[in-house]
There are 2 protein chains.
Amino acid sequence: MPPTAVTARQAFDAIKTACSNCNLRELCLPIGLEDDELKRLDELVSTRKRLKRGEYLYRSGQGFESIYAIRSGFFKTDVLIEDGRDQVTGFQMTGELLGLDGISNEVHSCNAIALEDSEVCAIPFSHLEGLSREIHTLQHHFHKVMSREIVRDHGVMMLLGTMRAEERLAAFLLNLSQRFKARGYSPAEFNLRMSRDEIGSYLGLKLETVSRAFSRFQEEGLLAVHQRKVRILDTPGLRKLMTHQRG
Amino acid sequence: MPPTAVTARQAFDAIKTACSNCNLRELCLPIGLEDDELKRLDELVSTRKRLKRGEYLYRSGQGFESIYAIRSGFFKTDVLIEDGRDQVTGFQMTGELLGLDGISNEVHSCNAIALEDSEVCAIPFSHLEGLSREIHTLQHHFHKVMSREIVRDHGVMMLLGTMRAEERLAAFLLNLSQRFKARGYSPAEFNLRMSRDEIGSYLGLKLETVSRAFSRFQEEGLLAVHQRKVRILDTPGLRKLMTHQRG
DNA sequence: ACCCGCGTTTGATCCACGTCAACCTGCCGA
DNA sequence: TCGGCAGGTTGACGTGGATCAAACGCGGGT
């Protein structure tokens, strides 16, 4: 089948937003939907949006009307308060949803910023609610996604509340590793999309502490770091460090 | 209308679980429902359950099938990991929902423990999903509740990630105060239902640090504490301490 | 190829909170 | 009434991570 066999129609289909031909459908909202249900989901995922590195997808205080599924790229969400403090509340990658925080008050309660050039599908929330009233599977899956976010947050609370610096970083790296793996990338070698400062903010540490922890892991042969390039050499070692180290 | 005018039927109605005559209906799931919708919600809130102080409502790992609305009492939720660490992830009071964490994996991911004698309404989750497919208002309200939980968790992350001990305690007390107020109790004077250790776990501090912070607030005239009895004397002072104190 | 600037690394010092330990206090049961 | 004890307070001391400061090195622009 030579390239010339690609019709205009096919080219259009390939470009247009559609869950049914998105290779993330096993990762994203459509999980478990039947073909005909998937077609209906296509209808509501109307808008696709590209963002350059550093661009805001939404800002705290802005009106909420859509949630966003990440098609490609990498984001962070953060909260900031008047006195200048800010807390990175999460890093989101391909297939994950952004904007769930906005549902409660119809206003976004954090900022979402692209850490690399990215693309998202905007899903008007009222449409999603409408469709999930009709498609049980979609409804249930959406509830699971929200619940998973709550569970994840509890994990971060545990991390921030009880772990020491190196344990936090180990937990962070293992989590990233596992998520890259789930997306078909190497769990052992990846590029960090965020700065030491952003990692620090997420982990409740200063960038110097993060940097030192990286250096220490390297000394101990747990991983190889060079700037933002990380190669994990000893996953069990990291895991042990994360759970054990008490007293 | 003398007491004898209370019929058996009315007495029964007063006792039986029913959102439509629950005085929490403005606080709890039924918010915004029409009378006829409220009646339908009554049907699904089938079971009421009493718990004594210290009893578990559910445990981490247990199968999930219901969420719970607190009718009266006070709870904590916590997560614990093998090595003995535990993190209190929240304190819940009248009108709040418990169990949202269980939706994601059909298994509870934390423990819920009554901190005083309490009563909850069990809401079978599949029924709730069913009904919320029919009642838009209920669906939307439920989504808001879940989203609010996410936003709350972000607030705790901010607290754990960026605040110093006294700021954390101030934030905690102001939050409690505001929630008591919303329930018609005094925002200035209340009894803590939890120990210093539990507060510490929630705030990522040791009980000694919590105790010292209390003493310091007392010295500074911000509040009067005696054991678990707290009287807030200077709300603006606490608020200032919470947001300002940088450098 | 060079320079400039930001993100990162590394070192020296400081301090908030943790740790350890003693003591206090209100409560409950005998 | 008393004794025991769990929870809370207070003090002395240690330490992990923050802070301050300096130097490094990579990437982008000219």
Side-chain angles (χ1 to χ4, degrees), chain A residues 52-54 76 84-88 113 115-117 159-172 191-220 223-230 241-242 245-247, chain B residues 52-54 76 84-88 113 115-116 159-173 191-220 223-230 241-242 245-247:
Chain A
K52 300 251 274 283
R53 183 171 198 278
K76 71 166 177 182
R85 276 183 273 208
D86 82 308
Q87 172 74 31
V88 171
I113 302 150
L115 294 182
E116 62 183 25
D117 294 0
L159 180 147
L160 292 171
T162 76
M163 291 185 177
R164 34 184 60 260
E166 293 188 6
E167 296 172 313
R168 294 184 198 190
L169 187 62
F172 171 71
N191 276 72
L192 298 172
R193 269 64 169 193
M194 68 297 281
S195 69
R196 298 289 187 263
D197 197 30
E198 287 163 332
I199 297 173
S201 172
Y202 182 60
L203 299 179
L205 302 168
K206 293 289 151 181
L207 71 293
E208 293 96 328
T209 306
V210 174
S211 177
R212 276 185 245 271
F214 268 122
S215 301
R216 195 148 218 280
F217 285 174
Q218 178 140 274
E219 280 168 30
E220 290 169 357
L223 47 80
V225 221
H226 184 63
Q227 303 284 116
R228 298 192 176 186
K229 180 136 203 149
V230 174
L241 192 155
M242 191 187 83
Q245 209 101 327
R246 281 287 90 177
Chain B
K52 299 252 274 285
R53 181 172 200 278
K76 71 166 179 181
R85 276 183 273 208
D86 82 307
Q87 172 74 31
V88 170
I113 302 150
L115 293 182
E116 62 183 24
L159 180 148
L160 292 171
T162 76
M163 291 186 177
R164 35 185 59 257
E166 294 188 6
E167 297 172 313
R168 293 184 199 190
L169 187 61
F172 171 70
L173 291 171
N191 275 73
L192 299 172
R193 268 63 170 196
M194 69 297 279
S195 69
R196 299 290 188 262
D197 196 30
E198 287 164 333
I199 297 173
S201 171
Y202 182 60
L203 299 179
L205 302 169
K206 293 290 151 181
L207 69 295
E208 293 96 328
T209 306
V210 173
S211 178
R212 277 185 245 271
F214 268 122
S215 303
R216 196 148 218 281
F217 286 174
Q218 178 140 273
E219 280 168 30
E220 289 169 359
L223 46 81
V225 221
H226 184 63
Q227 305 284 117
R228 297 192 178 185
K229 180 135 204 149
V230 173
L241 191 155
M242 192 186 83
Q245 207 103 326
R246 281 286 90 176

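Between B/G204 and B/R168, the closest heavy-atom pair is O-NH1, 3.4 Å. Considering all non-hydrogen atoms of both residues, A/Q227 and A/R196 come closest at O-NH2, 2.6 Å. Across every non-hydrogen atom of A/S201 and A/V88, the tightest pair is OG-N, 2.8 Å.
Summarising the geometry, the separation between CZ on A/R196 and P on C/dT10 is reported as 10 Å, rounded to the nearest angstrom. Rounded to an integer number of Å, the gap from CG of B/L205 to C1' of C/dG18 is 10 Å.
Here B/T209 does not reach the OP1 or OP2 of C/dA16: none of its side-chain N or O atoms lies under 4.0 Å away.
Of the candidates D/dG17, D/dG8, D/dT9, the closest approach to any side-chain atom of B/R228 belongs to D/dG8. Checking D/dG17, C/dT8, D/dG8 against every side-chain atom of B/S195, the shortest atom distance belongs to D/dG8.
Across all strands, A/R168 comes closer than 4.0 Å to no nucleic acid atom at all (heavy-atom distances). Residue B/G200 is out of contact with every strand shown, counting any heavy-atom pair closer than 4.0 Å. Nucleic acid contact class of B/R212 (heavy atoms, under 4.0 Å, all strands): base. Residue A/E208 is classed as a base contact, given a heavy-atom separation below 4.0 Å to a base. Using a 4.0 Å heavy-atom distance criterion, A/L207 is classed as a base contact.
Here the straight-line distance linking atom CG of A/L203 with atom CD of A/Q87 works out to 9.0 Å at 0.5 Å rounding.
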